[in-house]
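Proteins get letters first, then strands, A, B, ... in listed order; numbering begins at 1 in each.
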2 protein chains.
Amino acid sequence: MTNSCLIAKLGRFTELSEADKRLLAILEEDEREYRKDQIVRRAGRPVEYLFVVKSGWLTSFSMLEDGRRQLLRIFYPGDIVDLSEIALHQAQHDIKCVTAAVLCPFPKAGLEPLFSQSPRLTALLFSMTVKENAALLDRIRAIGRLSAYERLCYLLLEISSRLRLTVNGIEDGFRLPLTQSDIADLLGLTNVYVSKTMSRIERDRLIQRQGNRVQILDLKRMRDVCEYSENATIDTSWFPLGD
Amino acid sequence: MTNSCLIAKLGRFTELSEADKRLLAILEEDEREYRKDQIVRRAGRPVEYLFVVKSGWLTSFSMLEDGRRQLLRIFYPGDIVDLSEIALHQAQHDIKCVTAAVLCPFPKAGLEPLFSQSPRLTALLFSMTVKENAALLDRIRAIGRLSAYERLCYLLLEISSRLRLTVNGIEDGFRLPLTQSDIADLLGLTNVYVSKTMSRIERDRLIQRQGNRVQILDLKRMRDVCEYSENATIDTSWFPLGD
DNA sequence: CGAACAGTTGAGGCGCGTCAAACTTGGTGG
DNA sequence: CCACCAAGTTTGACGCGCCTCAACTGTTCG
C-alpha cells in the first residue's frame, strides 16, 4: 500500500482518508508482468478485468481492415486500464504494451465498494475520467487543425505534462519509448513525416534528442507554437465530504 | 418532471427509481431560452453553472489565434452541458447554440446530492461520461486515419445514432442544422471539400438530401465504408443496487 | 427587391503521403 | 569485446488528397 501507484497519482489532486487509501490498495493486490509488445486485451472481448498500471507504458489503438492504425491513448503508471471501457459490454480497442510493464488486474466488480462506500473517491475517479476527456478533446483539436509541426510540439508537451504527475524532475529530459511510427499513429501522420518534422523542431532549438531521450529546451515557445496550455489541477470544491 | 429530457435519456439505459427521478428533476427546474448562434459560455470563464439541454443543438469548439476552428462536441436534448468541465476550474472551450435552444441551468453543486445520495445515478452519470469518451475516441480515429469521404459517412452515422436516443423514427431522414463549415470544423476539413464530398456520397446513393434534411439510404454500406459500429447499450451489471 | 448567408463548382497549389534506399542503434550470441 | 542482425530512423524523389481562392448560384428574410 505504501508504494501504490494509484494512491500516488490520485493523492496529487486531493487529500485521501485512510479508508479511501485502503479501498484503493485492494485494487493493486494482484500483480502480473507483461513483455514489451504483449497484447493485454483484444477488441471485441468482454471486459472482465481492469488493470492498474504499476510500471511501463501501454497504448490502446484501433486497426482498420487495410492496415491503417490509430493510437488512441497512452497509459502511464498510476492509470487504470481501461476505466473507459467499464461502461461497455465489449472492449472497443486493442491494448498492448509499449514497454515491458507490470499490471495489477482486478475484476470490474472491484470498483463497486468504491462507488458505494466513498462518494469522495467516486467523485475523484469521475474527475479523472473527465480530465482524460479534456485531453482527448485537445488531441482532436491537434489532429483536426494543427500542422504536423504543431502537432508534434503539442504531443511532446502533453506527454511531459502527464509524466510530471508521477515522475519527478523531467526538466533534464525524459525517455520516450514510442517509435516514430507510434507517434505518427497517435497524430494522424506517417513515420517518415514525423522523422522529418522532428528534425526541424530540433533544428529550431525547441527540443534536443539523443537516443530516445527528449529534452524540451524552450517550453514557452513550444506552447506558443501549438497554443497548448496544460491545466494540471482539478476543481474539488464540489466533492462530497470525506467520511 | 414528466417531460424531463434527462430522465427520458437516462431511462433508456437503466431502470430509475422514483427517488432517482426526483433527484434528476431538480436539475431541470429552471429554464432559459437561447437564440441561434448565442454564446452560452466563453473559454476561460469559471464553470459555475451546468445546463441540461431541453431542446436545440449546441456545440463546443476551440479557436486558434489565426482563426482556425475545431468543433469538439455536439450537445443534443437530454445532454448535460458540459459535464466534462465539472472537474476543471475554468471552461476550456467556447459553447454556442447551433439552433435556438432551451437550457436548464443549475449550479455545479447541484450534482452533489446526486453523488452523495444515489450511487446508482452516480454510476450512470459515470457511464454516460465514459460513453462520451468512447465517442471521442471514434472521432480521433476518424480524423486521424479516415479519408474525407469516410469521415463524412462516419459523422452522419454518429449523428443518426445519437438522435435515435431521444428521437423516434429517423428512418425517413433527419434534420441536420449544421452548416457545411460546421461539419468541416468537426472533421478537420474545409467547407468546400465537404460540399464536394457530400455530393459524391449522394451520387453514390448512400444518402439523399433535400434542404438540410438527410436520409441514409444504405446503412450497411455506410458502415462498411468507415468501419464504424455503434454500440448503444451500456453494461449496468457492475452498478450498485438502487436504494 | 436586395442583402446576407449557405452551398456549389472549377482552377491551381501545397503539405503530407508513398516508395525506396541508406544509415544508425541496440540487443544478442559467439 | 566484437560481429551481426533486426528494428528504427533518416533522406530524397515524386505523387495525390485536400486546401485556397474565387466566382457563381440558390435561399431566406427583412
Q. Starting at the 5' end of DNA chain D and moving along, which residue's nearest nucleotide shows up first, A:Y193 or B:Y193?
A. A:Y193
Q) Could you state the CZ-C1' distance from B:R68 to C:dG15, rounded to the nearest angstrom? A) 13 Å
Q. Can you give one letter per nucleotide of nucleotides 2-10 of chain D, 5' to 3': B if a protein heavy atom sits under 4.0 Å from the base, S if only from the sugar-phosphate, - if neither?
A. ------SSB
**Q.** A:R68 with B:E150: basic N within carboxylate O range, under 4.0 Å
**A.** yes
Q) For DNA chain C, whose closest nucleotide is more 5', that of A:G211 or that of A:T197? A) A:T197
Q) With a 4.0 Å cut-off on heavy atoms, is B:S147 in touch with a base, just the backbone sugar-phosphate, or nothing at all? A) sugar-phosphate
Q) In whole angstroms, how far is the C1' atom of D:dG17 from the CG atom of B:L152? A) 14 Å
**Q.** Ion pair check, A:R213 and A:D172, cut-off under 4.0 Å
**A.** no
Q. Does the pair A:R223/A:E230 count as a salt bridge with the N-to-O cut at 4.0 Å?
A. yes
Q) Hey, which of B:L146, B:L187, B:L176 is the one that makes side chain to side chain contact (heavy atoms under 4.5 Å, CB included) with B:L155? A) B:L187
Q) In whole angstroms, how far is the C1' atom of D:dG26 from the CG atom of B:N212? A) 14 Å
Q. Atom CD1 of A:I143 and atom P of C:dG17: how far apart are they, to the nearest Å?
A. 12 Å
Q. Ring centroid separation for B:W57 and B:Y76, is it under 6.0 angstrom?
A. yes
Q: Report the distance from atom CD of B:Q210 to atom C1' of C:dA6, rounded to the nearest whole Å.
A: 17 Å
Q. In whole Å, what is the span from the CZ atom of B:R145 to the C1' atom of C:dT18?
A. 13 Å
Q. Can you check the B:D185 CG to C:dA6 P distance for me, whole Å?
A. 12 Å
(Q) Within the 4.5 Å heavy-atom criterion, are A:Y228 and A:R141 side-chain neighbours or not? (A) yes
Q.
Expressed as a whole number of angstroms, how long is the span from A:L187:CG to C:dG15:P?
A. 18 Å
Q: Kindly say whether B:C5 contributes a backbone atom to a donor-acceptor pair with the side chain of B:E28 at under 3.5 angstrom?
A: yes
